[in-house]
> 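My structure is below; once you've seen it, I'll send some questions.
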Amino acid sequence: SYSESFTVTVNDLNEAPTGLALSNASVSENAAGAVVGNVTVTDPDVGDTHTFSVDDVRFEVVGNQLKLVAGTSLDADTEPTVTLNITAEDAGELSYSESFTVTVNNVNEAPTDLTLDNTSVDENAAGAVIGNVGVSDPDTGDTHTFSVDDARFEVVGNQLKLVAGASLDAESEPTVILNITAEDAGELSYSESFTIIVNDLNEAPTDLTLSNASVDENIPGAVIGNLGVSDPDAGDGHTFTIDDARFEVVGNQLKLVDGTSLDADTEPTVTVNITAEDTGGLSYSQAFSIMVNNINEAPTDLSLSNASVAENAAGGVVGTLVVVDPDPGDSHTFTVDDARFEVVGNQLKLVAGTSLDAETEPTVTLAITATDGGGLQYSEAFTITVIDINEAPTELTLDNSSVDENAPGAVIGNLSVSDPDPGDSHTFTVDAARFEVIGNQLKLVDEISLDYETEPTVTLNITATDS
């Protein structure tokens with residue numbers, strides 16, 4: 001046998017890589033261009049170089065680092081893991097591919113939007129619910145708390161509402177702008193502004209005013225004053241009613257009905273209830289006291305307690321005057337159109353030293369005027385009866401004052417009596433028994449005669465006595 005040693009050269013052929021390793025297999029969401037980890041290649045050919053490709057275009061390998069392409073990020077909520085294939089190709093173009101699952105780490109993210117399903121509320125509705133607040137948050141299932149920058153509002157549960165006891169007024173604040181902030185469990189927040197429309201509801205009037213609360217008496221249809229209505233609803237129209245039919249409101253003026261007037265002496269104040277009703281049928285009532293101004297009024301009547309006076313009674317009192325005057329307590333002065341009369345106190349009387357004669361003036365008509373304290377007057381005519389008082393005869397005349405002697409029972413003459421009382425009858429007496437008056441004839445008693453020689457004249461007294 002023969003043996004010999006040979007050296008066989010083993011030719012180094014290029015061999016494909018055999019393994020890939022990734023130093024980290026997770027990445028935070030929302031981190032654009034973030035590095036995932038370092039890629040390591042196992043290759044039998046020591047010192048071989050490698051290029052890398054990834055089957056997901058969002059990724060790339062730069063150097064040996066697996067990373068997201070610049071500007072690209074992941075969202076854990078929609079894609080919690082990403083499976084990708086990395087291929088390493090050596091310088092001889094032999095390659096090896098391996099699949100890796102990259103976990104996308106869920107990082108807390110702020111809410112991104114707020115919605116409100118209703119943005120209006122009725123005025124005057126204390127504690128009213130406005131609407132439901134909705135939150136958009138990339139983190140599914142995250143919880144939220146709410147705050148509002150207007151202390152009149154709150155969010156209870158997910159409901160935006162007015163705080164208990166708080167209400168809004170459309171007239172003074174037709175819209176309210178408020179900011180609602182939603183904060184998630186990780187204390188990230190999002191705020192949004194909402195405009196709340198306050199619905200204008202019809203509201204009852206709240207007050208009535210009257211520019212003047214007095215009226216002069218005796219003025220039919222007089223205007224008292226202007227009514228003013230306080231109503232939360234600006235520009236609302238109103239109609240008026242009054243519980244006293246003597247009054248009405250025309251336009252906004254409170255007045256007496258045409259033809260109607262008031263009397264201060266019988267009704268110094270009048271209380272009326274005025275109701276203002278708005279166009280929606282809501283109303284407000286208020287009582288007003290109307291003062292009736294006492295205007296001086298003329299006397300309306302005169303009466304005289306007696307309308308007769310005895311004749312020949314100088315300065316005689318006729319009677320007492322009484323004045324009817326709508327103004328209680330008013331004072332009066334009197335004038336009489338006949339200068340023979342005057343009023344002293346309230347007594348109608350003849351002026352001192354003046355008397356009347358029933359025979360020449362059986363009645364006297366006179367006008368008496370009463371003037372009140374304000375100068376207003378009332379006049380009335382009175383007929384005064386002059387009472388005929390019996391008066392003594394004032395004179396006797398004898399139509400003949402001679403008689404023949406020696407003529408028994410001779411008639412001397414006719415007696416005439418002057419008497420202020422027309423038609424009065426008279427009887428006669430003579431102080432000489434030889435004479436008598438029969439009828440109106442003065443005569444000698446029968447069988448009696450006179451003697452001229454012894455008694456040429458005879459003086460006698462005749463007395464006439466009236467009835």
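Starting from 1, each residue takes its place in the sequence as its number.
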> Going through the checks in order, is the side chain to side chain contact (heavy atoms under 4.5 Å, CB included) test met by Val198 and Asp169?
CA-CA 7 Å; Val198 184; Asp169 177 24; over 6 Å; no
> Does a side-chain heavy-atom distance below 4.5 Å link Leu162 with Leu168?
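A side-chain contact exists here, since the closest heavy-atom pair is under 4.5 Å.
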> Taking the side chain from Asp431 and the backbone from Asn461, do they hold a donor-acceptor pair closer than 3.5 Å?
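A pair under 3.5 Å: yes.
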> I need the minimum non-hydrogen distance between Asn294 and Glu217, along with the two atoms involved.
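That closest heavy-atom pairing would be OD1-OE2, 2.9 Å.
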> Would you mind reporting whether Leu321 and Glu380 have side-chain heavy atoms less than 4.5 Å apart?
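Contact flag for Glu380/Leu321 side chains = no.
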> Pro422 versus Glu359: any side-chain heavy-atom pair under 4.5 Å?
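A side-chain contact under 4.5 Å exists here.
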> Might you point out which heavy atoms bring Pro326 and Ala298 nearest each other, and give the distance in Å?
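In this case the closest contact between Pro326 and Ala298 is CD-O, 3.3 Å.
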> Please name all residues satisfying side chain to side chain contact (heavy atoms under 4.5 Å, CB included) with Ala410, sequence neighbours left out, ordered by chain then number.
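Testing Ala410 for side chain to side chain contact (heavy atoms under 4.5 Å, CB included), a comparison that skips the adjacent residues, returns Val403, Ala407, Leu444.
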> Which residues satisfy the side chain to side chain contact (heavy atoms under 4.5 Å, CB included) test with Pro393, sequence neighbours excluded?
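With neighbours one apart ignored, the set is Val417, Asp419, His426, Asp466.
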> Atom CD1 of Ile130 and atom CG of Leu178: how far apart are they, to the nearest 0.5 Å?
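With rounding to 0.5 Å, CD1 (Ile130) is 7.0 Å from CG (Leu178).
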> Within a strict 4.5 Å, meaning less than it, do heavy atoms of the Glu311 and Asp357 side chains meet?
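Of all side-chain heavy-atom pairs linking Asp357 with Glu311, at least one is under 4.5 Å.
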> Can Glu405 and Asp451 be said to form a side chain to side chain contact (heavy atoms under 4.5 Å, CB included), step by step?
CA-CA 5 Å; Glu405 67 177 342; Asp451 177 23; 3.1 Å; yes
> For the atom pair CG (Leu256) and CD1 (Ile219), what is the distance rounded to the nearest 0.5 Å?
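CD1 of Ile219 is found 9.0 Å from CG of Leu256.
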> Between CG of Leu302 and CG of Asp325, what distance do you get to the nearest 0.5 Å?
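Nearest 0.5 Å value for the CG-CG distance: 10.0 Å.
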> Can you name the closest pair of heavy atoms from Ala110 and Pro138 and give their distance?
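Answer, listing the atom of Ala110 first, then Pro138: O-CD, 3.3 Å.
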> For Phe247, run the side-chain contact (heavy atoms from CB on, under 4.5 Å) check against Thr260, Leu254, Thr241 and tell me which one passes.
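Only one of Thr260, Leu254, Thr241 forms a side-chain contact (heavy atoms from CB on, under 4.5 Å) with Phe247, namely Leu254.
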> Could you walk me through whether Val364 and Val386 pass the side chain to side chain contact (heavy atoms under 4.5 Å, CB included) test, one step at a time?
CA-CA 7 Å; Val364 179; Val386 184; 4.1 Å; yes
> Check whether any side-chain heavy atom of Leu114 lies under 4.5 Å from a side-chain heavy atom of Val135, and answer yes or no.
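Side-chain contact under 4.5 Å: yes.
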> State, with a plain yes or no, whether a side-chain heavy atom of Asp142 is found less than 4.5 Å away from one of Glu109.
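No - every pair of side-chain heavy atoms lies 4.5 Å or more apart.
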> Would you say that Glu192 contacts Ile180 through its side chain, given a criterion of any heavy-atom pair below 4.5 Å between the two side chains?
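SC-SC contact between Glu192 and Ile180 ruled out.
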> May I ask you to decide if Gly413's main-chain N or O and Asp399's side chain share a donor-acceptor pair within less than 3.5 Å?
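Not at all, since once roles are kept as given, no pair shorter than 3.5 Å links the two residues.
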> Glu29 vs Asp77, test: side chain to side chain contact (heavy atoms under 4.5 Å, CB included). Steps then yes/no.
CA-CA 9 Å; Glu29 66 178 345; Asp77 303 293; 3.5 Å; yes
> Please enumerate all residues that pass side chain to side chain contact (heavy atoms under 4.5 Å, CB included) together with Glu447, with sequence neighbours excluded.
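Checked Glu447 against side chain to side chain contact (heavy atoms under 4.5 Å, CB included); zero matches.
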> Strictly by side chain to side chain donor-acceptor pair (under 3.5 Å), give each pair with a member in residues 247-259 just once, sequence neighbours left out.
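Only Glu248-Lys255, Lys255-Asp258 qualify under side chain to side chain donor-acceptor pair (under 3.5 Å).
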> Look at the side chain of Asp243 and the backbone N and O of Val272, then say whether any donor-acceptor pair between them is shorter than 3.5 Å.
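No, Asp243 side chain to Val272 backbone: no donor-acceptor pair under 3.5 Å.
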> Quick one: does Asp337's side chain have a donor or acceptor within less than 3.5 Å of a partner on Ala367's backbone?
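It does hold such a pair.
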> Locate the shortest heavy-atom distance separating Glu436 from Val445; write the atom from each residue and the value.
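Looking at all heavy atoms of both residues, the shortest contact is OE2-CA, 3.8 Å.
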> Pick out which of Val336, Thr335, Thr369 makes a side-chain contact (heavy atoms from CB on, under 4.5 Å) with Val343.
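Answer after filtering Val336, Thr335, Thr369: Val336.
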> Considering residues, nucleotides and ligands other than Glu187, do more than 12 of their heavy atoms fall under 6.0 Å from its CD?
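12 or below, so no.
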> Can you name the closest pair of heavy atoms from Tyr284 and Pro205 and give their distance?
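Of all heavy-atom pairs spanning Tyr284 and Pro205, the closest is CB-O, 3.3 Å.
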> Quick one, Asp330 and Asn296 - any side-chain contact, counting heavy atoms below 4.5 Å?
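Asp330 reaches Asn296 side chain to side chain.
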> Indicate whether the side chain of Ser449 and that of Asn406 have a donor and an acceptor atom separated by less than 3.5 Å.
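The criterion, which ignores hydrogens and geometry beyond distance, is not satisfied for Asn406 and Ser449.
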> Taking the side chain from Glu123 and the backbone from Leu201, do they hold a donor-acceptor pair closer than 3.5 Å?
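Side chain of Glu123 to backbone of Leu201: a pair is present.
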> The criterion is side chain to side chain contact (heavy atoms under 4.5 Å, CB included); which residues satisfy it with Thr271, sequence neighbours excluded?
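With sequence neighbours excluded, Thr271 shows a side chain to side chain contact (heavy atoms under 4.5 Å, CB included) to Ala287, Ser289, given in chain and number order.
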> Anything under 3.5 Å between a donor and an acceptor, one on a side chain of residues 223-231, the other on a protein residue two or more places apart or in another chain? List them.
from, atom 1, to, atom 2, distance (Å)
Asp231, OD1, Asp233, N, 2.8
Asp231, OD2, His238, NE2, 2.7

> Could you tell me the separation between the OG1 atom of Thr112 and the CG atom of Leu188, rounded to the nearest 0.5 Å?
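Between atom OG1 of Thr112 and atom CG of Leu188 there are 12.0 Å.
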> Looking at every heavy atom in both Ser214 and Asn212, which two are closest together, and how far apart are they?
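Shortest heavy-atom contact: O-ND2, 2.7 Å.
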